[in-house]
Amino acid sequence: MVDAVAQPPRNPGSIKRFIERYPFLPALVIMLVLLALNGLWQPRSVGLVGLTGLAKTYLALMLLAVAQTYVIYAGDIDLSVGAIVSLVNVVIVAFMSAMGGDTITVLAAMVIGLGVGLACGIVNGVVVAVFRLQAIVATFATSIFFTGLALWVMPVAGTPAPATFWRAYGGRILEVPFVFWAVVVLAIMLYLIARTRLAIQLLAVGDDVQGAYQSGLPVTAIRMRGYALCGLFAALAAFCITGDTASGDPLVGGKMTLFSVAAVVLGGSALAGGHGTVVGSVFGALIIGLINSLVYFVGTPSEWQNLVQGLAILIALVAGILIGRRARS
Amino acid sequence: MSMLAEIAKRPLVVALVLIVLLLAAGELLSPGFASPTQIMRLLIVAALLGIVAAGQNLVILGGREGIDLSVGGVVSLSAIIAGNLMNGADSGIALAILGCVATGAFFGLLNGLGVTLLRIPPLVMTLGMLGVLQGLLVVIRQGIPSGRAAPGLSQFVTQPFLFGLPGIIWLWVAIGLLLAFLLSRTVYGYRIYAIGSNEQAARMAGVPVATIRVSLFVLSGVFAAIAGICLLGYSGSSFANVGEQYMLPSIIAVVFGGTSLAGGKGGYTGTMAGAMMLTVLTGILTTINIDESGRQMIFGATLLLLMLFYGRGQAMRA
């Protein structure tokens, strides 16, 4: 990939082919432009401290966007990812505060958190793939159920996470901030998952479900696995939220659901399924983060910030889709 | 017998039976739940949801994954605009209605143009528009107070008007009749089904596909705006994001009414029953004495259970 980008395009069709091959390229360009603009307005924001802060705040959204991508690969959607984040957040915080905050407890809490995320993903998979309910409304219903569970575990926000947990998340290993290690591990994980049979099967189901079925793919099981993978990554996102906010909140993830969908679209994946990359979704999450910080850095009055952010995200969504389509046509 | 079986399978019939069962269950759980005054209150709340769902229904019928996630934002925006334009005076009602309907139509038009001219998927376009509307709400709320409902409007929504029923219920019935007529007796209605079930064929038959699709989004904005005005009348004053609660429930009401999310199949009569069903269910859950957590779990589980009656996808076949 690195060679491909370094070489100048030999004919006008080359750029098109690159974008077709790497649908995340428009997102990468938009992200780099936003990064440059951020640096122009606030040079410190692209320094080590600024970038660490960005990664710390938006790592959760990056992971959630990845989670959403695996479901969207197969042409499905998961509107419960935010509720899963909330549920895992309160479960691990409640567990750690009950058991004390030593390292063993933290590790046990993470295992439990992954289990909860996986269970939620399987529930979604069952209602959508096995019971064949429509994904949008069915996962909205499960999101209400998961939110109820989260409220049952922790009725009000505010239980603090043990210091071991958030110190590790905000700390450094070998002088390098922890979140950067996390990004590296994430990159390796995404690379490995992209090479598995499951990733290709999900895309095949999303591209043509009838064709996939007729060529002998176990469509129901594949869609279930997509939701299960989504639940696992939502749990990872919950760990990051917990590290960033250092407390439990039964509604913390609710607002993230629609942003995760927006990040996937910004990353060049097709909502209809069958076409996309997880890397693009990571870029999409960063684009949302960079838009938010840029709006702040250029000195937008605080009451106008949400509107300018909303407009910028809408424009980025539309532009990304138009560029991607032009490349494929 | 087979005809009876056919009728029993119709979504409208299923919804009506479920409403009666839910009302009976509510009466059992807390006596007085199904009293006439309570039922009227439920009808008012259902009308608010039902009016939002009317626009949602049209957009979904039009197909090509039609959906409008921005309705909640339009409801909130309309409530605050109406509150400020009338500011507690009956003389401002006409202006408020005009202003809100124009606002709703404007955002619907933007959605429609994005979906047709730029060919952005409706989910993405209306999701982006929702973000813009939420930002706009923050701006508006910083600058001006939330405004108050005119007494005439509150009366229209909450007080008996004709045969003991408030005006909003008659408005809802009128919208129901209008849409039933529109969808089953007019060229426009047939064209909605045509573009929803097979856009290519509709285009070849000379249906102005883009114009119709834009009009559906405009209508969705207008219905959401009307619901926003009524919501202001119901609660007296508006508060931030008051409309958010309508976004996904309006879609569920449509699904419970038997309209397919794939488009081209269904109608509004079922959606009205769907809205009533959702409202009765929510009503039961607020009357029984349990924690918010238990309430949400039961609500989510019941929604899933009810969905098993409707719109399940086809089993895969080789």
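Using a 3.5 Å distance cut-off with no hydrogens or angles, the side chains of S70(B) and T126(B) do not pair a donor with an acceptor. Between T139(A) and N124(A), the side chains place no donor N or O within less than 3.5 Å of an acceptor N or O (distance only, hydrogens not considered). Looking only at atom types and distance, the side chain of Q296(B) has a donor-acceptor partner in the side chain of E292(B) under 3.5 Å away.
Interatomic distance, CD of Q68(A) versus OG1 of T257(A), reported as 8.0 Å (0.5 Å rounding). Taking CG of D207(A) as the reference point, atom NE2 of H275(A) lies at 10.0 Å (rounded to 0.5 Å).
Contact of V265(A) with chain B is made through the side chain alone, with heavy-atom distances under 4.5 Å. With a threshold of 4.5 angstrom between heavy atoms, L258(A) approaches chain B through its backbone and through its side chain. For I77(A), the part sitting under 4.5 Å from any heavy atom of chain B is the side chain, from C-beta outward, and nothing else. Of the two parts of V127(A), only the side chain, counted from C-beta on, holds a non-hydrogen atom closer than 4.5 Å to a non-hydrogen atom of chain B. Contact annotation for L317(A): only side-chain heavy atoms (C-beta onward) come within less than 4.5 Å of a heavy atom of chain B. For chain B, the nearby part of L322(A) is the side chain; its heavy atoms alone come within less than 4.5 Å. Only the side chain of I67(B) comes within contact range of chain A, with heavy atoms under 4.5 Å apart.
Annotation: maximal heavy-atom pairing with chain A below 4.5 Å, among L303(B), L304(B), L130(B), occurs at L304(B). Heavy-atom pairs under 4.5 Å with chain A peak, among S260(B), G294(B), G300(B), at G300(B).
Annotation for Y58(A): atom OH counts as buried by contact number, over 12 foreign heavy atoms lying within 6.0 Å.
Taking 4.0 Å as the cut-off between side-chain N and carboxylate O, R213(B) and E65(B) do not count as a salt-bridged pair.
Heavy-atom neighbours of chain A within the stretch residues 107-119 of chain B, taken at a separation under 4.5 angstrom, comprise L118(B), R119(B).
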